[in-house]
*Asks:* 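Mind having a look at this structure? Questions to follow.
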Amino acid sequence: MEKTVTKRKVVIIGTGLVGSSCAFSLVHQSLCEELVLIDVNHERAVGEALDLLHTMSYMPTVTKVKAGTYADCHDANVIIIAAGGPPKPGETRLDSLQTSAKICQAIVPEVMKSGFSGHFLVISNPVDVIAYYVWQLSGLPSSHVLGTGTAIDSARLQAILAQRFGLNPKSVQAVALGEHGDSQMVPWSQVMIANQPLDQWLAAQGQVLSLEERAQIRTETARAGWEIFQRKGTTYYGIAAAANAIVKAILHDEQTVLPVSTRVTGQYGYHDVYFGTPALLGANGVEAVYEVPLTAAEMEQLAHSVTTLQQAQASLPAVIKSGVAEA
Ligand SMILES: NC(=O)c1ccc[n+]([C@@H]2O[C@H](COP(=O)([O-])OP(=O)(O)OC[C@H]3O[C@@H](n4cnc5c(N)ncnc54)[C@H](O)[C@@H]3O)[C@@H](O)[C@H]2O)c1
């Protein structure tokens, strides 16, 4: 009798600290049956694949891991792009734009030549602008190209609030919207603590969170990556956990809502720009893009972030599309 097991396959391009952390996390959670590692430094990918091979005796299930080439991309369900180095001291994520764009010019056409028709998950910074660029370069529908966006910032915000209130971060419902970067904003009007609106919960606890404190928490959230960066040169565990939650939602058709960087088509009044907002994730990638209800002041903060990204998008190198353009 023929075997009819459907295999889930993930390819990671760029197996530095972020890519390899994603790989370890994927294997540790047994999220896919096949994992292929690609790096411009092939020996590095080979080393990572060997290291992961030696974990299999202790993993929940065995994942077939190997270092590969772009030909391996043709039947991948998800390709994670984590190529390109962290910003240098004093640079912002947006300063990596031209370098990351050039790297994607080298990667994406090669992937598309393989016949790939799955989903791209972009991590390389500046992630919103690079996700947009990968969408443009690939010619895939925008539902198939997303970035990790504010998934990591939202987790950081939840961690900061949870620590302040002595709760599990899972008991805090809060998202960061806009750029995965300095201009991101927090819609405080929608924050829920222990299933209650923030202000109601604060009143019941006899606590207050002043406007200044809220602004400080927003800044702390946006700058959290730099706090880590200054101490260890880069960040990788948090982003690997966020990326894997997104990959799992797609591979397992979870219908999970997560804040990711996605193309908006009218949400919040914007078109054709990628930024962090909650999206419904399933086997078809981004199956719906949700708009968080915002106050007028919050809309202004989001506008600042979106304008920053639109300007950065406009500075991307021109694209000759390799596939079918999307209206
Ligand atoms: N979105 C986020 O929240 C987030 C968080 C952390 C890091 N990042 C970004 O992730 C990226 C990787 O960071 P890192 O710390 O792993 O860097 P790293 O220097 O450790 O690794 C980068 C890897 O990319 C490889 N690479 C470079 N050019 C390539 C190409 N053309 N094809 C294939 N591989 C190529 C390098 O050989 C290297 O192994 C950076 O852009 C960083 O800013 C994003």
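Every number for a ligand or one of its atoms is a count from 1 in the order of the listing. When reading the values below, keep in mind they use all heavy atoms of this one structure, side chains included, and skip hydrogens, waters and symmetry mates.
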*Asks:* Tell me, which protein residue and heavy-atom name are nearest atom 31 (N) of ligand 1, and how many Å apart are they?
*Replies:* I103 CG2, 3.6 Å

*Asks:* Backbone, side chain, both or neither: what part of I38 comes under 4.0 angstrom of ligand 1, heavy atoms only?
*Replies:* neither

*Asks:* In ligand 1, which numbered atoms sit nearer than 4.0 Å to a non-hydrogen atom of A82?
*Replies:*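 Per the distance check, 11 (C), 12 (C).
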
*Asks:* What is the minimum heavy-atom distance between C73 and F116, and which atoms define it?
*Replies:* O-CD1, 3.3 Å

*Asks:* If you measure every N/O of H180 against every N/O of ligand 1, is any gap under 3.5 Å?
*Replies:* yes

*Asks:* Going by heavy atoms in the side chains, are W226 and D182 under 4.5 Å from each other?
*Replies:* yes

*Asks:* Nearest to atom 7 (C) of ligand 1, what protein heavy atom do you find, and at what distance?
*Replies:*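 Its nearest protein heavy-atom neighbour is V18 CG2, 3.5 Å.
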
*Asks:* Output the list of atoms in ligand 1 that are nearer than 4.0 Å to some heavy atom of I107, sorted by atom number.
*Replies:* 32 (N)

*Asks:* Report the part of A83 in contact with ligand 1, treating N, CA, C, O as backbone and CB onward as side chain, heavy atoms under 4.0 Å; options are side chain, backbone, both, neither.
*Replies:* both

*Asks:* Should you measure from each heavy atom of T235, which atoms of ligand 1 turn up under 4.0 Å away?
*Replies:*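 Ligand 1 atoms under the 4.0 Å threshold to T235: 5 (C), 6 (C).
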
*Asks:* For atom 15 (O) of ligand 1, tell me which residue out of T234, I80, I239 has the closest non-hydrogen atom.
*Replies:* T234

*Asks:* Examine ligand 1 and decide if any of its atoms is less than 4.0 Å from a heavy atom belonging to S96.
*Replies:* no

*Asks:* Tell me, do S261 and T150 make a side-chain contact under 4.5 Å, heavy atoms counted?
*Replies:* no

*Asks:* Do L35 and K9 come close enough that some side-chain heavy atom pair is under 4.5 Å?
*Replies:*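 L35 vs K9: side chains apart.
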
*Asks:* Using heavy-atom distances, let me know which of L17, V122, V40, I12 sits nearest atom 20 (O) of ligand 1.
*Replies:*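 Heavy atom nearest to atom 20 (O) of ligand 1 belongs to L17.
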
*Asks:* Can you pull out the closest protein heavy atom to atom 11 (C) of ligand 1? Residue, atom name and distance to 0.1 Å, please.
*Replies:* G84 O, 3.1 Å

*Asks:* Within a strict 4.5 Å, meaning less than it, do heavy atoms of the I228 and R156 side chains meet?
*Replies:* yes

*Asks:* Tell me: protein heavy atom nearest atom 1 (N) of ligand 1, and distance?
*Replies:*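 I find the closest protein heavy atom is I123 O, 3.0 Å.
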
*Asks:* Select the closest option to atom 36 (C) of ligand 1 among L37, I13, D39, I130, judged by heavy-atom distance.
*Replies:* D39

*Asks:* Would you confirm whether S305, through its side chain, and S183, through its main-chain N or O, come within 3.5 Å as a donor-acceptor pair?
*Replies:*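 Side chain of S305 to backbone of S183, a donor-acceptor pair under 3.5 Å: yes, one is there.
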
*Asks:* Just let me know how T148 lines up against ligand 1, side chain, backbone, both or neither, with a heavy-atom cut-off below 4.0 Å.
*Replies:* side chain

*Asks:* Where is the nearest protein heavy atom to atom 4 (C) of ligand 1: which residue, which atom, and how far?
*Replies:*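 I find the closest protein heavy atom is N125 ND2, 3.6 Å.
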
*Asks:* Give me the other members of the hydrophobic cluster that V46 sits in, counting Ile, Leu, Val, Met, Phe, Trp and Tyr linked by side-chain heavy atoms under 4.5 Å, directly or via other members.
*Replies:* L50, L53

*Asks:* Hey, does L302 have a side-chain heavy atom less than 4.5 Å from the side chain of L294?
*Replies:* yes

*Asks:* How close does the nearest protein non-hydrogen atom get to atom 21 (O) of ligand 1, and which residue and atom is it?
*Replies:*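 So the nearest neighbour among protein heavy atoms is G16 CA, 3.2 Å.
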
*Asks:* Could you check whether W135 and F120 have their ring centres less than 6.0 Å apart?
*Replies:*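 Distance test on ring centres: not under 6.0 Å, no.
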
*Asks:* Ignoring hydrogens, what is the shortest heavy-atom contact between Y133 and C104? Give both atom names and the distance.
*Replies:* CD2-CB, 4.3 Å

*Asks:* Which residues pass the side chain to side chain donor-acceptor pair (under 3.5 Å) test with N41, not counting sequence neighbours?
*Replies:* none

*Asks:* Heavy-atom pairs closer than 4.0 Å: do any link ligand 1 to the side chain of I152, the backbone, both, or neither?
*Replies:*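 The answer is the side chain.
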
